[in-house]
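Contents: one structure, followed by commentary.
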Amino acid sequence: MAEIAVVGAGYVGLTSGACFSHLGHHVVCIDNVESKIETLSRGQVSIVEEGLEGLVQAGISRNTLRFTSDTQAGVSSADYVFLCLPTPDLPNGSVDMSYVDAVAKQIGPWLRPGTVVVNKSTVPVGTTRHVAQLLGRDDVSVVSNPEFLREGNAVADFLNPSRVVIGGDDAAAVERVAKLYDGTNSPVIRCDATSAETIKYAANAYLATKISFINSIANICEHLGADVRVVADAIGRDPRIGGQFLQPGPGFGGSCFPKDTIGLLRLAGDAGYDFGVLRSVIEANDQQLARTVSKVRDAVGGSLRGVAIAVWGLTFKANTDDRRHSPAVEVVRRLVAEGARVTAFDPTVSGVVPELPSVGVAANAIEACRGAEALVVLTEWREFAIVPPASVREVMAGAAVMDARNLLDPGLWRSVGFVYQGVGFRPQ
Ligand code: UGA
């Protein structure tokens with residue numbers, strides 16, 4: 001059983017901490033937001049993350065998981081210190097390393113000899129060495145252990161990973177970190193730190209590429225009269241392609257793909273390489289947002305000025321409450337900019353949406369549609385798929401539906417008089 005400190009109790013840090021405690025280790029999660037520490041110490045998890053609260057409560061009652069805002073006390077008794085800190089993008093596209101840098105400088109003097117500092121934050125290539133310099137200690141090791149956790153699915157991804165990647169110069173430290181994952185039965189890839197850091201960017205960039213690719217195929221399907229749902233299913237059955245991440249939509253978003261694609265493009269540029277494929281992926285994503293807006297505009301007769309629009313979904317995907325870089329929020333922002341009056345419903349949102357102050361927030365999916373000319377589905381919450389279209393038809397002024405997630409049953413919606421549009425197929 002190892003003594004682990006996790007610095008940063010966001011969805012990555014908290015999931016990692018709770019899962020390591022579930023695997024039998026002693027974990028302390030550290031965060032500088034006192035109120036977060038208080039609620040977590042009571043076993044309350046404020047983010048939407050399936051299975052996490054149960055693991056946190058189990059860890060607290062077994063005494064293998066605790067929370068503190070005292071960084072010095074937390075890290076000084078640890079054999080392993082995981083850095084799970086935010087690395088947001090700056091307006092110029094570069095990564096804001098101020099949190100990682102500040103913590104690395106701060107904790108250096110407090111670490112016990114032999115501690116392994118493990119970087120889990122998504123950081124520019126070269127950060128493992130940079131962190132080692134900031135720590136200023138030659139008796140501790142630093143390794144890179146990137147995370148591949150999907151928000152909303154993070155616990156399951158942590159406990160059943162497709163692979164664990166650990167990179168560093170100190171082979172013994174790499175082995176010690178690999179041991180921490182005993183119990184997950186996952187293959188461990190041991191490599192140098194630079195490769196580990198690159199794996200993280202390459203994985204996210206490749207997944208984003210799949211999405212932009214299938215969105216482009218969807219757009220072609222609309223012109224050709226083909227059905228992208230059949231096309232995606234058929235190509236995905238080829239194991240060289242794989243069936244996941246072939247769901248067309250309004251474009252990818254979230255706190256990772258937009259940041260990491262731009263980050264990798266920048267890294268490539270700094271290395272003197274023009275990563276044209278990735279630039280096209282990012283451009284195609286922006287075009288997909290614009291295309292979604294133009295479909296809504298066309299559906300209401302060519303102008304959005306003064307038109308009431310209902311929106312279902314504001315989070316960047318279902319099963320999370322995260323709206324960072326949400327394509328839904330961006331589409332709504334563009335609809336509002338063209339003069340639309342938008343009322344939205346999302347299961348995780350109530351009150352005013354700070355980034356969309358003029359948007360009304362309804363108490364449920366049907367209420368969002370009252371008086372609307374068109375309904376736009378922007379997040380794939382399963383509960384939207386079971387709303388009876390006849391009840392929606394009763395409260396709407398118009399009959400247009402733009403299903404940007406291919407979530408609804410087109411036949412059902414058309415049968416009660418809706419003019420349905422999805423992504424990548426023509427409804428029969
Ligand atoms: C992503 C990766 O999937 C994780 O492996 C990685 O660890 C994480 O980023 C990270 O770097 O921290 P996440 O941002 O939670 O995870 O979300 P995804 O489930 O990957 O979805 C990203 C975006 O792509 C969403 O907007 C989603 O709606 C969209 N998407 C996904 C599609 O439009 N189509 C698809 O087929 C799949």
Side-chain angles (χ1 to χ4, degrees), residues 8 10-16 47-50 84-89 95 119-123 145-158 160-165 196-197 199-219 228-229 231-233 235-236 241-264 281-282 284-286 288-289 291-292 313-331 377-382 403-407 422-424:
Y11 95 95
V12 172
L14 188 56
T15 303
S16 305
I47 52 171
V48 174
E49 195 58 72
E50 201 179 336
C84 300
L85 295 155
T87 51
D89 42 346
V95 179
N119 186 43
K120 254 199 187 302
S121 316
T122 301
V123 288
N145 172 215
E147 55 84 15
F148 305 103
L149 311 176
R150 288 164 296 170
E151 282 186 40
N153 223 50
V155 170
D157 284 349
F158 191 100
N160 305 289
S162 49
R163 76 291 201 198
V164 168
V165 173
E197 291 163 343
I199 287 166
K200 170 70 192 201
Y201 277 102
N204 275 0
Y206 190 78
L207 292 168
T209 302
K210 273 188 106 172
I211 298 169
S212 275
F213 183 83
I214 202 65
N215 282 339
S216 303
I217 294 289
N219 300 340
V228 74
R229 296 167 302 179
V231 174
D233 176 51
I235 65 171
I241 296 173
Q244 294 185 47
F245 277 67
L246 289 179
Q247 174 69 39
F252 58 77
S255 63
C256 306
F257 286 180
K259 169 171 77 85
D260 292 350
T261 46
I262 289 173
L264 184 54
V281 166
I282 296 166
N285 199 50
D286 195 54
Q288 197 68 8
L289 291 167
R291 192 176 170 92
T292 305
L314 289 173
T315 52
F316 82 99
K317 63 175 185 179
N319 306 322
T320 173
D321 55 353
D322 198 341
R323 298 194 303 273
R324 284 176 293 173
H325 291 285
S326 169
V329 169
E330 182 54 25
V331 166
V377 181
L378 292 174
T379 310
E380 74 284 21
W381 289 100
R382 295 310 307 170
D403 180 4
R405 293 283 188 172
N406 289 349
L407 179 71
V423 184

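Remember, it's 1-based here, ligands and their atoms both numbered in the order they're listed. Basis for what follows: all heavy atoms, side chains included, without hydrogens, waters or symmetry-related copies.
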Within-cut-off N or O pair, Leu149 and ligand 1, under 3.5 Å | yes
Where Ala318 and Thr379 come nearest, the two heavy atoms and their spacing = N-CG2, 3.5 Å
For Pro161 and Val164, the nearest pair of non-hydrogen atoms, with its separation, is CG-CG2, 3.9 Å
To which protein heavy atom is atom 34 (N) of ligand 1 closest, and what is the distance rounded to 0.1 Å?
-> Gln247 O, 2.8 Å
Per-atom filter on ligand 1: closer than 4.0 angstrom to a heavy atom of Gly253 are 22 (C), 23 (C), 25 (C), 26 (O)
Under 4.0 Å from any heavy atom of Phe252, which atoms of ligand 1 are there?
-> 23 (C), 24 (O), 26 (O)
Are any of the N/O atoms in Asn204 less than 3.5 Å from those in ligand 1?
-> yes
Qualifying residue, where the test is side-chain contact (heavy atoms from CB on, under 4.5 Å) with Ser121 and the options are Val12, Thr87, Val95 = Thr87
Before signing off on this row, confirm whether Phe148 and ligand 1 have an N or O atom pair separated by under 3.5 Å.
-> yes
Of all the heavy atoms in Cys256, does at least one lie under 4.0 Å from an atom in ligand 1?
-> yes
Before signing off on this row, confirm whether Glu151 and ligand 1 have an N or O atom pair separated by under 3.5 Å.
-> yes
Give the numbers and elements of all ligand 1 atoms closer than 4.0 Å to a heavy atom of Lys317.
-> 13 (P), 15 (O), 17 (O), 18 (P), 19 (O), 28 (O)
For the residue pair Asn119 and Glu197, confirm or rule out a side-chain donor-acceptor distance under 3.5 Å.
-> no
Carboxylate-amine/guanidinium contact Lys317 Glu151, below 4.0 Å | no
Lys NZ or Arg CZ of Arg163 over Phe148 ring: under 6.0 Å, within 45° | yes
Quick check: does any side chain N or O of Thr320 sit under 3.5 Å from a backbone N or O of Gly152, one acting as donor and the other as acceptor?
-> no
Go through ligand 1 atom by atom and flag the ones less than 4.0 Å from a non-hydrogen atom of Tyr11.
-> 12 (O)
Of all the heavy atoms in Lys210, does at least one lie under 4.0 Å from an atom in ligand 1?
-> no
Ignoring angles and geometry beyond distance, decide whether Lys200 reaches within less than 3.5 Å of ligand 1 through its nitrogen or oxygen atoms.
-> yes
Is the closest N or O pair between Arg405 and ligand 1 shorter than 3.5 Å?
-> yes
Gly249 N/O under 3.5 Å from ligand 1 N/O = no
